[in-house]
Amino acid sequence: MIEFLMNAGHPLPDGVMHALYNAAKDMAKSRKCRRTLNEPGYSGVVTTSWKTGSMGSISGVEFRAEMDTPFGENIVTFIVRSYELEDEEWTGINSSSPEEAEMMSEMSRRPRGRLH
């Protein structure tokens, strides 16, 4: 499930929200910090620094997306619960920079448990 912290722009259609959630899960699986989306009806870039954030009693990994839809441009900050990302199989480090590789290496050493 995706929880929005902030949406600067028009409301996002359900299909775009679902795509953002899937992008976050795919990023966790491939251990990437950036993903480009380019589908009929929307395009954009999803990024994360793998920091955790919270909104009320909901906490998880923060993501940011810059999206173009038929309704206009959106900048979206959202959270995906950590345990939803931990269900993905980690396949190794696929980084585009030394900083990203170091961050991913550090993440792999952290204990992995479900949030309560």
Test side-chain contact (heavy atoms from CB on, under 4.5 Å) applied to Leu37 and Met67, step by step: CA-CA 9 Å; Leu37 301 175; Met67 302 296 295; 4.1 Å; yes
Where Asn7 and Val76 come nearest, the two heavy atoms and their spacing: OD1-CG2, 3.6 Å
Atom pair CZ (Arg35) and NZ (Lys25), whose distance is rounded to the nearest 0.5 Å: 13.0 Å
Partner set under side chain to side chain donor-acceptor pair (under 3.5 Å) for Asp68, not counting sequence neighbours: none
Euclidean distance, Leu12 CG relative to His18 NE2, rounded to 0.5 Å: 14.0 Å
Distance, nearest 0.5 Å, that separates CZ of Arg81 from OG of Ser54: 12.0 Å
Distance-minimising heavy-atom pair for Phe71 and Pro11: CD1-O, 4.5 Å
Minimum side-chain heavy-atom gap Val46-Arg34 below 4.5 Å: no
Interatomic spacing from CG in Asp26 to CZ in Arg31 - rounded to 0.5 Å: 15.0 Å
Rounded distance (nearest 0.5 Å) linking atom CD of Glu66 with atom OG1 of Thr36: 11.0 Å
Parallel, tilted or perpendicular: rings of Phe63 and Trp50 (30°, 60°): perpendicular
Which atom of Ile75 lies closest to which atom of Arg64, heavy atoms considered: CG2-NH2, 3.3 Å
Smallest separation among heavy atoms of Ala24 and Leu85, with atom names: O-CD2, 3.7 Å
Student check: side-chain heavy atoms of Val61 and Thr48 closer than 4.5 Å: yes
Taking every non-hydrogen atom, the tightest pair across Gly9 and Asn74: C-ND2, 3.6 Å
Heavy-atom pair of closest approach, residues Ala65 and Leu20: CB-CD2, 3.7 Å
Verify same cluster id: Met17, Val45 (apolar side-chain graph, 4.5 Å): no
